[in-house]
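Step one of this worksheet: look at the structure below.
Worth knowing before you read on, the calculation uses all heavy atoms, side chains too, and leaves out hydrogens, waters and symmetry mates. Chain letters run A, B, ... following the sequence lines, proteins first and then strands; every chain starts at 1.
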Protein chains: 2
Amino acid sequence: METTGTRTDTCAGPPQQNRRPDGQDRYTISEVVAFTGLTAHTLRWYERIGLMPHIDRSHTGQRRYTNRDLDWLDLVGKLRLTGMPVADMVRYAELVREGDHTYTERFELLQTTREDVLARIEELRGTLAVLDRKISFYADAGRALASERSR
Amino acid sequence: METTGTRTDTCAGPPQQNRRPDGQDRYTISEVVAFTGLTAHTLRWYERIGLMPHIDRSHTGQRRYTNRDLDWLDLVGKLRLTGMPVADMVRYAELVREGDHTYTERFELLQTTREDVLARIEELRGTLAVLDRKISFYADAGRALASERSR
DNA sequence: CGCTTGCTTGGAGCGCACTCCAAGGTTCTA
DNA sequence: TAGAACCTTGGAGTGCGCTCCAAGCAAGCG
């Protein structure tokens, strides 16, 4: 049976530790599932579309992830939260693979993303203001109804 | 030809005015497209899935939106920005249609949404911190490379 | 009157990000 | 050494939120 989103009982949570020290960091896919909250399907899919660096294999061909891979997945998770399309993340991954001469392009991509995140936060603040107005309206209406009932 | 996302040249922008005063507020679908930035397809689809209140029709059956409808679409737009699923918005619309006795339920739904938005903002802040760290890393690397080149 | 533009409908299609399946090989535990 | 649990692959399927299509009616204009 495929282990799919098993015991991530509580929600996402902060970056899980329990990592092994560098040198003994050869995690199976299901360990990475436990670390990241992603499914094994998604991890393999990320690899297929070029979102992952080359992943080590055991002598029988099973994936063995490293601490570096986990770090990368942390970053991907963060970028995902910003709403960045997977295609853009793949672009970034390609730049990383291409080597040092892509530093400026990566820099620009990150800065654009940063601006997007700031804009998103502002949008959400605007929405929060609207929600707060509505909520206080309903709170007032609720109080009015309650005093109506108690009369 | 279907008018689809015509002259919303600049980006979303603040809530457009140019509304007509209440009483003469009978907008065609293409006017609402101009106001909201949504497509006519999307507006009809919103109606089909129950996300809109009943929309007035002209004597020949064409939609005539009111200022109230525009207000509702503004709210929907804000909620959409929070990532709230359309199904949840439909639920909220149903509660509104069902009348006053759903006040508490609406109140709770809005409060839950408010919490979600706050959590989203916090997530984005976390991502921003990561981005800033990476950006300053690349900025340093860029400077190092520049001084390398100038030697 | 014809022409263009806009609006109507139900239903089909699309892009994204997964999500799952089938069939088979591997690894761990008792 | 049996059996359960886990891993592999390519490709197909899913759910969401639109997005578009075809065929037809309606309104304004020269």
In residues 58-67 of chain A, what residues come within less than 4.0 Å of DNA chain D, judged by heavy atoms?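 Per residue number, the list reads A:Gly61, A:Gln62, A:Arg63.
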
Nearest to the side chain of [X], which nucleotide is it out of [options]?
X	options	answer
A:Arg57	D:dC18, D:dT9, C:dC7	D:dT9
B:His41	D:dT19, D:dG17, C:dC18	D:dT19
B:Pro85	D:dG17, C:dC7, C:dC18	D:dG17

Hey, what do you get for [atom1] ([X]) to [atom2] ([Y]), rounding to the nearest 0.5 Å?
X	Y	atom1	atom2	answer
A:Arg91	A:Asp88	CZ	CG	10.0 Å
B:Leu75	A:Thr127	CG	OG1	9.5 Å
B:Thr113	B:Leu118	OG1	CG	11.0 Å

Nucleotide D:dC21, atom C1' - distance to CZ of B:Arg44 in whole Å: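 Going from B:Arg44 (CZ) to D:dC21 (C1'), I get 12 Å.
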
To the nearest Å, give me how far apart CD1 (B:Ile49) and P (D:dC16) are.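 For the pair B:Ile49 CD1 and D:dC16 P, the rounded distance is 11 Å.
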
Phosphate-side-chain proximity, [X] and [N], N/O vs OP1/OP2 below 4.0 Å:
X	N	value
A:Thr42	C:dA17	no
A:Tyr46	C:dC18	yes
A:Arg80	C:dA17	no

For A:Leu51, is there any backbone N or O sitting under 3.5 Å from a side-chain donor or acceptor partner on A:Trp72?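 Flag set: sc A:Trp72 to bb A:Leu51 pair under 3.5 Å.
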
Is the number of heavy atoms from other residues, nucleotides or ligands within 6.0 Å of CZ (A:Arg97) greater than 12?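 Atom CZ in A:Arg97 is packed in, count exceeds 12.
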
Between the protein and nucleotides 11-15 of chain D, which nitrogen or oxygen pairs come in under 3.5 angstrom?
{"residue": "D:dG11", "atom": "N7", "partner": "A:Arg48", "partner atom": "NH1", "Å": "3.0"}
{"residue": "D:dG11", "atom": "O6", "partner": "A:Arg48", "partner atom": "NH2", "Å": "3.0"}

B:Met84 and its side chain to side chain contact (heavy atoms under 4.5 Å, CB included) partner, picked from B:Val76, B:Val117, B:Leu109: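 Among B:Val76, B:Val117, B:Leu109, the one meeting side chain to side chain contact (heavy atoms under 4.5 Å, CB included) with B:Met84 is B:Leu109.
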
Of B:Asn67, B:Thr66, B:Asp56, the residue whose pairing with B:Tyr27 passes side chain to side chain donor-acceptor pair (under 3.5 Å):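 So the option named by the test is B:Asn67.
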
Is it true that B:Lys78 and A:Glu123 make a salt bridge, defined as a side-chain N closer than 4.0 Å to a carboxylate O?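 No, no charged N to carboxylate O under 4.0 Å.
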
